[in-house]
Amino acid sequence: MSAVRGLHRFAAREGLVAVDVAAEVKPPAPAKRLPKALDVEQVLRLLAVADDTPLGLRDRALLEFLYGTGARISEAVGAAIDDLDLAGEPAAVLHGKGGRTRLVPVGGYAKAALEAYLVRGRPALVAKGKGTPAVFLNARGGRLSRQSAWTILNRAAAAAGLPVEGPSAVSPHTLRHSYATHLLDGGADVRVVQELLGHASVTTTQVYTLVTVDRLREVYATAHPRAR
């Protein structure tokens, strides 16, 4: 359709035809792809697979951080030690798209996982490298890459019995989707979720409300005595 419209536009501009008959032809709107989210039980299984080694502590801290803050994978691997404030009301500064930064709360489970990693895991890893302010490190003591973070999640998903291939495969964005969906299911305002996710427009965030409406319909259909 794009080629046909371009051809007619060209022909009209060059005087080969009197009227661009394709000017009013609009391409069909693509179907909305609803974000895939895990349910709470699946998230708990995913977060429980890491062991107590330095790398295991890192993996658990990374997964808890992704789910506990809604961070993009690039924001997680880009986080520096100075971006974390785990005292008092725990929070983290996330460096998002377009140079925008935002402050997000860090939940109790994510805080505990981060503290365990920073005290018992990260020192052993950073000693193998040249020193870096990054929170999440690889086995050589350097900053963890996006690809390695993806591998960590993929390995944890497989261990938890979650799909790692196909359209339902767990990805770093799956935890971000789950974070947003669970907040809305719990009664959070969509504007608050917008700020937490770092979306420039609330329109982007509203796709999650479609998921929540489906959940409400499911609950209604099973719980209301006159639903069927």
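A chain of hydrophobic side-chain contacts below 4.5 Å, direct or via other Ile, Leu, Val, Met, Phe, Trp or Tyr residues, connects Val104 to Leu86. Hydrophobic cluster membership is shared by Leu144 and Leu118, with clusters built from Ile, Leu, Val, Met, Phe, Trp and Tyr side chains linked at under 4.5 angstrom. Under the 4.5 Å side-chain contact rule for hydrophobic residues, Ile81 and Val126 share a cluster. Transitive grouping of hydrophobic side chains (ILVMFWY, heavy atoms separated by less than 4.5 Å) keeps Leu47 and Val164 in distinct clusters. Taking hydrophobic clusters as Ile, Leu, Val, Met, Phe, Trp and Tyr residues chained together by side-chain heavy-atom distances below 4.5 Å, Phe136 does not share a cluster with Val49.
Of the possible donor and acceptor atoms, none in the side chain of Arg102 sits under 3.5 Å from a partner among the backbone N and O of Leu94.
In this structure, the separation between OH on Tyr179 and CG on Leu196 is 4.0 Å, given to the nearest 0.5 Å. Taking CZ from Arg60 and OG1 from Thr53, the interatomic distance works out to 9.5 Å, rounded to the nearest 0.5 Å. If you take CG on Leu153 and CG on Leu62, they are separated by 8.0 Å, rounding to the nearest 0.5 Å. Rounding to the nearest 0.5 angstrom, the gap separating the CG atom in Leu162 from the CZ atom in Arg45 is 5.0 Å. Taken to the nearest 0.5 Å, the CZ atom of Arg58 stands 3.5 Å off from the CD1 atom of Ile152. Tyr67 contributes atom OH, which lies 11.0 Å from atom OH of Tyr109 (distance to the nearest 0.5 angstrom).
Between the side chains of Asp39 and His182, no donor N or O sits under 3.5 Å from an acceptor N or O. Counting only N and O atoms by type, the side chains of Thr151 and Ser148 include no donor and acceptor under 3.5 Å apart. Side-chain contact check for His95 and Thr101: no donor-acceptor pair (N or O, by modelled atom type) lies under 3.5 Å.
A salt bridge is defined here as a Lys NZ or Arg NE, NH1 or NH2 lying under 4.0 Å from an Asp or Glu carboxylate O, and Glu195 with Arg191 fails to meet this definition. Note on Arg155 versus Asp59: salt bridge recorded, some NZ/NE/NH1/NH2 to OD/OE distance being below 4.0 Å. Looking at Asp52 and Arg120, a side-chain N of the basic residue comes within less than 4.0 Å of a carboxylate O on the acidic one, giving a salt bridge. A salt bridge is defined here as a Lys NZ or Arg NE, NH1 or NH2 lying under 4.0 Å from an Asp or Glu carboxylate O, and Glu75 with Arg100 fails to meet this definition.
Glu14 CD: more than 12 foreign heavy atoms inside a 6.0 Å radius. Other residues, nucleotides and ligands contribute at most 12 non-hydrogen atoms within 6.0 Å of the CD atom of Glu89.
Nearest heavy atom pair, residue Ala157 against residue Val170, reads CB-CB, 4.0 Å. Between Leu57 and Tyr117 the shortest heavy-atom distance is O-CB, 3.7 Å.
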Given side chain to side chain contact (heavy atoms under 4.5 Å, CB included), test Met1 with Val25 step by step and report yes or no. CA-CA 9 Å; Met1 187 172 291; Val25 177; 4.1 Å; yes
Begin from the C-alpha positions of His173 and Ile73 and carry the test side chain to side chain contact (heavy atoms under 4.5 Å, CB included) through to its verdict. CA-CA 7 Å; His173 234 59; Ile73 192 67; over 6 Å; no
From CA spacing to verdict: side chain to side chain contact (heavy atoms under 4.5 Å, CB included), His199, Gln194: CA-CA 5 Å; His199 287 160; Gln194 176 197 353; 4.0 Å; yes
Trace of the side chain to side chain contact (heavy atoms under 4.5 Å, CB included) decision for Val77 with Val135: CA-CA 7 Å; Val77 298; Val135 174; over 6 Å; no
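Applying the 4.5 Å side-chain rule to ILVMFWY residues, one finds Phe10 in the same cluster as Leu16.
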